[in-house]
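Structure first, then comments.
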Amino acid sequence: MIEVLSWIGQALILIGTFFYFLSTLGLIRMPDVYNRMQTSTKSATLGSLGVIIGVGLWAVGKGYSVSWISMTIIIAAFILLTNPISAHVLIKAAYEKGIPLWHGSVVDKYREFLEREEKERDAETQAASQAGTQGENDAGEVRT
Amino acid sequence: MEKRASTLSRYIYTVIVLFVIWLFFVSTLKLQEVLAGLAFSLIIAAFTYPVFTKAGLQNLHPKRVAYAIAYVPYFLWAMIMANLDVAYRVLHPKRPIRPGIVRCRTILKSDTGKLGLANSITLTPGTITLDVRGDDYFIHWIWVQDDVLNAEDEEASIKAASRYITQPFEKFLKVIFG
Amino acid sequence: MTPMYVYLLLIGIAVVLSMYRVFRGPTAVDRLVAVDIMTTLTVGMMVLYALYYGRMIYLSVALVYAVLAFAGVIAFARYLEGGI
């Protein structure tokens, strides 16, 4: 009966390694850094879930204590929670660094938003500096 | 900015969460382990509760916990579907991608809920959260759908993108995080 | 234990394949993404090794490695962004 767990665990590990391969393949095939992140982060996270939970099940199937499962669940939950955060930080870094989108990209709403925000801020600072030059007080606090 | 719960309820909530994590970690019910974990949870929670939570014990409302448990299989299913989609895009010889950055809007109010939504978005079909400004999410999408691309104005495209990206999760996260 | 060798070999090949992007990647962020994926793969490998040796304490090593790799990737990304 308990051998069934070990077979399920091994199947999960195989599926996980398949997704690992998928993530590295995406890393190699995709044209720009954003699409690479798209394919690799998701597949690597699901692959880790498969491999790590699979190891827990396999260990119980082999007759080790049940605490393997709780420990592997902790590791899997940690990876599930932190991987999207590091993906988010990386993609933000790529955008802030000015790496251009792939030439086949169709729309970039973020650039439009940033440009509009920049324009509004320029208008505000201009208005503020004009007010500062006209009025006598509070001119020192306006940063241009 | 959401309202903070009372100090005591936040402290007790932190202790409970830390203690449950500890129980998972040692995965035994021996008296000495449980007592040590309880003592350290009480001490550590005294330092960390101001940054740990804002809502306090309200998070452990039975309805929220039930929705959180129901969210796990739903989310895992969405994640497996996302990965099969990614597998199709990677393995297809012509590489069918049409990337772009779109903007969509959420109805969630709390910061924790926004974080959970951003993480859920990042792990599911072809989308990565690039930035969050107030209620607006900027999302890199690997295959921008037609009705988002061909929308007449900004609002229509935001609405179309929200229907594809944020709304599948919001019905759960709205209850879980408030 | 033979299936174990197969799994470890498969993950090892995946790590080597992602090494291609570390060396080739046109920008620094490309390399960092590849390193991030490699750390995730390494955590999987460490968990498998823990089962190979049959010691539960090695799982803690994998957990600590995951924490440190996450912190390292965040720090490097903030540095590239110009935030530090």
Side-chain angles (χ1 to χ4, degrees), chain A residues 15 18-19 21-32 34-35 37-47 49-50 65-71 73-74 77-78 80-88 90-92 94-96 101-102 104-114 117, chain B residues 21-28 72 75-76 79-80 82-93 95 97-104 115-116 118-133 136-144 146 148-151 154 157-158 161:
Chain A
I15 295 172
F18 168 70
F19 281 113
F21 263 103
L22 217 61
S23 76
T24 49
L25 205 61
L27 207 59
I28 292 173
R29 280 200 69 190
M30 285 294 157
D32 74 343
Y34 304 101
N35 293 308
M37 229 174 285
Q38 287 274 8
T39 53
S40 55
T41 312
K42 285 190 244 305
S43 304
T45 311
L46 190 67
L49 281 193
S65 75
V66 188
S67 48
W68 279 78
I69 284 209
S70 67
M71 192 75 187
I73 285 178
I74 284 197
F78 184 79
L80 187 65
L81 287 179
T82 54
N83 249 359
I85 296 178
S86 55
H88 167 72
L90 282 172
I91 200 169
K92 191 93 187 303
Y95 205 95
E96 301 268 313
L101 290 164
W102 181 49
S105 304
V106 284
V107 63
D108 189 351
K109 292 271 199 264
Y110 193 49
R111 166 94 44 212
E112 294 167 15
F113 172 79
L114 285 183
E117 198 181 43
Chain B
I21 292 176
W22 170 267
L23 282 186
F24 260 90
F25 212 60
V26 297
S27 57
T28 167
V72 171
F75 175 70
L76 283 181
M79 205 173 145
I80 291 168
N83 275 281
L84 293 181
D85 180 66
V86 164
Y88 163 70
R89 292 191 198 290
V90 170
L91 295 175
H92 194 285
R95 215 169 53 187
I97 58 174
R98 187 166 72 185
I101 295 176
V102 297
R103 179 176 183 175
C104 61
L115 174 71
N119 278 2
S120 303
I121 286 172
T122 301
L123 285 174
T124 46
T127 45
I128 286 189
T129 314
L130 178 62
D131 201 358
V132 184
R133 295 286 179 92
D136 288 2
Y137 282 68
F138 293 92
I139 286 166
H140 185 269
W141 204 354
I142 201 167
W143 181 263
V144 181
D146 288 327
V148 179
L149 197 56
N150 301 326
E154 182 92 13
S157 110
I158 288 178

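Here is the naming used below: chain letters follow the sequence lines, and residue numbers restart at 1 for every chain.
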Can you confirm whether B:His140 sits close enough to A:Asn35 that some side-chain heavy atom of one is under 4.5 Å from a side-chain heavy atom of the other? yes
Could you tell me whether the side chain of A:Thr45 reaches within less than 4.5 Å of the side chain of B:Leu123, counting heavy atoms only? yes
Among [options], which residue has the highest count of heavy-atom pairs closer than 4.5 Å to chain A?
{"options": "B:Asn119, B:Leu130, B:Thr122, B:Asp85", "result": "B:Leu130"}
{"options": "B:Val86, B:Val26, B:Asn83", "result": "B:Asn83"}
{"options": "B:Asp136, B:Ile80, B:Ile139, B:Thr127", "result": "B:Thr127"}

Can you tell me which portion of [X] sits under 4.5 Å from chain B's heavy atoms? Options are side chain, backbone, both or neither.
{"X": "A:Phe19", "value": "side chain"}
{"X": "A:Leu49", "value": "side chain"}
{"X": "A:Leu25", "value": "both"}

Determine the option with the most heavy-atom pairs under 4.5 angstrom with chain B, choosing from A:Pro84, A:Ala87, A:Ser23. A:Pro84
Where does B:Phe24 contact chain A at under 4.5 Å (heavy atoms): side chain, backbone, both or neither? both
Is it the side chain or the backbone of B:Leu91 that comes within 4.5 Å of chain A heavy atoms, both, or neither? both
Can you give me the closest heavy-atom contact between A:Met30 and B:Arg89, atom names plus distance?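 Heavy-atom minimum between the residues: CE-O, 4.1 Å.
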Heavy-atom pair of closest approach, residues B:Pro93 and A:Arg29: O-NH2, 3.2 Å
Run A:Tyr34 and B:Ile101 through side-chain contact (heavy atoms from CB on, under 4.5 Å) and show every step you take. CA-CA 10 Å; A:Tyr34 304 101; B:Ile101 295 176; 5.8 Å; no
Supply the atom-to-atom distance [X] [atom1] to [Y] [atom2], rounded to the nearest 0.5 angstrom.
{"X": "B:Ile121", "Y": "A:His88", "atom1": "CD1", "atom2": "NE2", "value": "11.0 Å"}
{"X": "B:Leu76", "Y": "A:Leu80", "atom1": "CG", "atom2": "CG", "value": "7.5 Å"}
{"X": "B:Trp22", "Y": "A:Ile74", "atom1": "CH2", "atom2": "CD1", "value": "10.5 Å"}

